[in-house]
There are 2 protein chains.
Amino acid sequence: MSKTQRMPHCDKSDCPVAHATDIVGDPWSLLIIRDMLILGKHEYKEFMQSPEGISTNVLANRLKKLVCADLIEWINHPEYKTRKLYYLTPAGKDFIHVIVALASWADRNMDSVSLPPEMAEKLRNNPQGIIENALRALTEWEEKYLQQS
Amino acid sequence: MSKTQRMPHCDKSDCPVAHATDIVGDPWSLLIIRDMLILGKHEYKEFMQSPEGISTNVLANRLKKLVCADLIEWINHPEYKTRKLYYLTPAGKDFIHVIVALASWADRNMDSVSLPPEMAEKLRNNPQGIIENALRALTEWEEKYLQQS
DNA sequence: CCGCATCCCTATAGATACTG
DNA sequence: CAGTATCTATAGGGATGCGG
């Protein structure tokens, strides 16, 4: 039997942070969520194109994990049958507050981060505006692609 | 030579989220920071006692990483020469906004999270109060243990 | 005791090649 | 194009060692 195996933190702790790390406690999941929230991406190949260079197996694995965790869902592409369209659930969209907090923190504290000034300015002076814009864009996408029953 | 090796995201991307994941894109780092910010922990053995069960090599490794990333520093324990006291730098303390955002998100969206009602109430209605309390506690600790020059 | 460092060993992460 | 298969390097649990 497995002598060494990591048990999910949610089995050992009641802390919400510990529970959250089971889902978003790795770089790739965070980057996929960023792609969807901030960059408005919806397709496998769009995720592949991000500069961080996720590999195919990792991407497939994380998409599955995020679906299981109910942060994202997918539908078939209405036009190209071989594609899927991924989109954020309410829980996934709500994660924007964490992403913006993280980006703001990095902007404030990491010397290696240097954003285009107009982006930095937004992040510092009007993060709420970023959140609202992102959520509006997602809503527009949903109205276009998701037929509500 | 290593055929497969992960390059830090900061080398490939300018995104602040990508840069942040190089430091806090793993569960254990986040849990250590939570311990320091929310639970007021300062010692190796206190981190060891957290219910998630970090192991000694991982703890030592992460403490080093966090020192290198300038999120934490340490001094010798003034009383017990064999101990160290870890404490958060300004960048580390500023991370409280991310931790609280993450905890709030988990509280709102993860069914498996059920906080004591009085804690949940604070998180929902007065997260700013949590932040202020945490920062005040850290300042008090600093006044006690850090002689300012 | 305390804070690690090291070793051993397995499970997982992730790069690359490949497939339906 | 969207994944799976394969394969290697790393992560990290557990035990132990060791200097202070």
Can you pull every protein N or O that's under 3.5 Å from an N or O on nucleotides 18-20 of chain D?
none

Strictly below 4.0 Å, N to O, side chains only: are Glu142(A) and Lys93(A) in salt-bridge contact?
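Yes, this pair counts.
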Considering only heavy atoms, which members of residues 18-37 of chain B lie under 4.0 Å from some atom of DNA chain C?
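Within residues 18-37 of chain B, no residue comes under 4.0 Å of DNA chain C.
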So, with a heavy-atom separation below 4.0 Å from DNA chain C, the residues of residues 61-79 of chain B are Lys64(B)
Side chain of Glu43(A): nearest nucleotide among dC4(C), dA2(D), dG3(D)?
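Between dC4(C), dA2(D), dG3(D), the one nearest the side chain of Glu43(A) would be dA2(D).
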Closest approach to the side chain of Tyr44(B), judged atom by atom: which nucleotide of dC4(C), dG3(D), dG14(C) is it?
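Nearest to the side-chain atoms of Tyr44(B), counting from C-beta on, is dC4(C).
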Short heteroatom pairs, N/O only, protein and nucleotides 18-20 of chain C, under 3.5 Å:
none

Nearest whole angstrom, please: distance from the C1' of dC2(C) to the CE of Met48(B).
12 Å
Interatomic distance where CD1 belongs to Ile54(A) and P belongs to dT4(D) [whole Å]:
14 Å
What are the two closest heavy atoms between Ala106(B) and Pro16(A), and how far apart are they?
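For Ala106(B) versus Pro16(A), the nearest heavy atoms are CB-O, 3.5 Å.
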What heavy-atom pair brings Ala103(B) and Leu123(B) nearest, and what distance separates the two atoms?
O-CD2, 3.8 Å
If the condition is side chain to side chain donor-acceptor pair (under 3.5 Å), which residues does [X] pass it with, not counting sequence neighbours?
X: Asp26(B); value: Ser29(B), Arg62(B)
X: Asn76(B); value: none
X: Asp111(A); value: none
X: Thr56(A); value: none

Do Met36(B) and Ile75(B) share a hydrophobic cluster, counting only Ile, Leu, Val, Met, Phe, Trp and Tyr and linking them when any side-chain heavy atoms are less than 4.5 Å apart?
no
Check the side chains of Ser50(A) and Lys12(B) for a donor-acceptor pair under 3.5 angstrom, ignoring hydrogens and angles.
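Not at all, the side chains of Lys12(B) and Ser50(A) share no donor-acceptor pair under 3.5 Å.
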Please determine whether a side-chain nitrogen or oxygen atom of Lys84(B) lies at a distance below 4.0 Å from atom OP1 or OP2 of dC4(C).
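Looking at the OP1 and OP2 atoms of dC4(C), one of them is under 4.0 Å from a side-chain N or O of Lys84(B).
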For residues 115-129 of chain A, which residue pairs pass the salt bridge (Lys or Arg N to Asp or Glu O under 4.0 Å) check, not counting sequence neighbours?
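Passing the test, one end in residues 115-129 of chain A: Asp107(A)-Arg124(A).
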For His19(B), give me all partners under ring-ring contact (aromatic ring centres under 6.0 Å, His included), at least two apart in sequence or on another chain.
none
Asp94(A): salt bridge (charged side-chain N to carboxylate O under 4.0 Å, His left out) partners, not counting sequence neighbours:
Arg108(B)
Would you mind listing every ring pair (Phe, Tyr, Trp, His ring centres under 6.0 Å) that reaches into residues 35-59 of chain B, with sequence neighbours excluded?
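Residue pairs with at least one partner in residues 35-59 of chain B: His42(B)-Trp141(B).
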Taking any heavy-atom pair under 4.0 Å as a contact, classify Phe47(A): base, sugar-phosphate, or nothing.
nothing
